[in-house]
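One structure is given below, encoded as structure tokens.
Here is how names work: the chains are called A, B, and so on, in the same order as the sequence lines, proteins then strands, and each is numbered from 1.
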Number of protein chains: 2
Amino acid sequence: MKESTICPRLSKAMELIGKRWTGLILYQLLEGPQRFNEIESALPVSGRLLSERLKELEKEGLVVRHVYAEVPVKVEYSLTEKGKGLKDAIADIEQWSKVWLS
Amino acid sequence: MKESTICPRLSKAMELIGKRWTGLILYQLLEGPQRFNEIESALPVSGRLLSERLKELEKEGLVVRHVYAEVPVKVEYSLTEKGKGLKDAIADIEQWSKVWLS
DNA sequence: ATAGTAAGTTACAAATAGTAACTATGAAAG
DNA sequence: CTTTCATAGTTACTATTTGTAACTTACTAT
């Protein structure tokens, strides 16, 4: 890697968004809290990567994980305020896709 | 891969943005047309990947490549209208990073 | 005892990214 | 002339990330 003139915060943001599945997972969670299997069914992502991405997003504080001690166990993921803060950006991407993609 | 309920256009958009370096390359080009080496110096991306990404973006119609037959050759990349269409989304991400990232 | 369900984890193969050296073309310097 | 410099890449090779599918744990219901 080399020196760069770019803002480290923007860089970090792009690193988050610019990681496979992250955008779609956030988009999905904007609908409201959802369980692991719901997200897995809604997106063409495997359990392995979904698990990995959710851990990253939780670590970065965009997502919270809530475990319900039911049987079988129920785990719900939802967006924090920080996560919801990306709503506009995601809505813009969605809008762009409607205008520019066939 | 499995079935998904998600809009294929949003999915495609996220696949573009959600690829390493793409967001930052577009951000950089929003400043105006730039040469290969300028982009390479501005971002911590290697020539190999920059070349690959620019080809993808050109193929998707977000970027145009213009060669000036000078010596040494000069190649300038700029955004198309389609590419500029992502300006709001990128600005939102930038704004988010200012608010939420330390 | 067997099967079912949710939320993962593991092991392994395939694809993508990182790094550094190399190429083509021509201009200018020695 | 032949060595050097510059731009815009490409190549070869390694390291990291993804994709796929099978397995695990805990408890319930049959």
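- Rounded to whole Å, atom C1' of D/dT16 lies 14 Å from atom CD of A/Glu15.
- Comparing atom distances between the A/Asn37 side chain and each of C/dA17, C/dA6, D/dG9 picks out C/dA6 as nearest.
- Checked against C/dT19, C/dA6, C/dA17, the side chain of B/Arg20 finds its nearest nucleotide in C/dA17.
- Backbone-only contact: A/Glu52 has heavy atoms under 4.0 Å from sugar-phosphate atoms and none from a base.
- Contact annotation: B/Trp21 side-chain N/O to C/dG18 OP1/OP2 distance is under 4.0 Å.
- At a threshold of 4.0 Å, the pair B/Glu81-B/Lys84 counts as salt-bridged, since one of the basic side-chain nitrogens sits closer than that to a carboxylate oxygen.
- Contact check, B/Ser46 against C/dA17: no side-chain N or O comes under 4.0 Å of OP1 or OP2.
- Atom OH of A/Tyr68 is separated from atom C1' of D/dA26 by 20 Å (rounded to the nearest Å).
- Taking the screw axis at each terminus of the helix from C/dA1-D/dT30 to C/dG30-D/dC1 from five consecutive base pairs, the angle between the two is 20° to within rounding of 10 degrees.
- For A/Glu40 and C/dG8, the CD to P distance is 10 Å, given to the nearest whole Å.
- The CZ-P distance, from B/Arg65 to D/dT7, rounds to 16 Å in whole Å.
- At a threshold of 4.5 Å between non-hydrogen side-chain atoms, the residues A/Leu43 and A/Tyr27 do not count as touching.
- Positionally, the nearest nucleotide of DNA chain C for A/Tyr77 lies more toward the 5' end than for the other of A/Tyr77 and B/Leu49.
- One finds no salt bridge joining A/Glu40 and A/Arg35 here, because no Lys/Arg side-chain nitrogen approaches an Asp/Glu carboxylate oxygen to under 4.0 Å.
- For C/dA7, the base has no donor-acceptor partner in the side chain of A/Arg35 [N/O atoms by modelled type, under 3.5 angstrom].
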| field | B/Lys19/A/Lys19 under side-chain contact (heavy atoms from CB on, under 4.5 Å): CA gap, chis, key distance, verdict | value | CA-CA 6 Å; B/Lys19 204 154 193 177; A/Lys19 206 158 192 177; over 6 Å; no

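- Side chain to side chain, A/Gln28 and A/Gln34 meet the donor-acceptor criterion of an N or O pair below 3.5 Å.
- Between C/dG18, D/dG9, C/dG8, one nucleotide has an atom nearer to the side chain of A/Val75 than all others, and that is C/dG8.
- B/Ile90 has its side chain within reach of A/Met14: a pair of non-hydrogen atoms, C-beta onward, lies under 4.5 Å apart.
- On a pure distance criterion of 3.5 Å, no polar donor-acceptor pair joins the side chain of A/Arg48 and the base of C/dT10.
- The 12-atom threshold is not exceeded at NZ of B/Lys87, counting heavy atoms of other residues, nucleotides or ligands nearer than 6.0 Å.
- A straight line from NZ of A/Lys74 to C1' of D/dC27 spans 17 Å, rounded to a whole angstrom.
- If you measure from atom NE2 of B/His66 to atom C1' of D/dT7, you get 17 Å, rounded to the nearest angstrom.
- The A/Lys19 side chain lies nearest to D/dT18 when the options are D/dT18, C/dA6, D/dT7.
- Among D/dA8, C/dA17, C/dA7, the nucleotide with an atom closest to any side-chain atom of A/Phe36 is C/dA7.
- Each of B/Pro72 and A/Glu76 was assigned the nucleotide of DNA chain C with the nearest heavy atom; the assignment lying further toward the 5' end belongs to A/Glu76.
- The CG-C1' distance, from A/Leu54 to C/dA7, rounds to 11 Å in whole Å.
- As a whole-Å value, the separation of A/Leu50 CG from D/dG19 P is 12 Å.
- Residues A/Val73 and A/Tyr68 form no side-chain contact, since every pair of their non-hydrogen atoms from C-beta on lies 4.5 Å or further apart.
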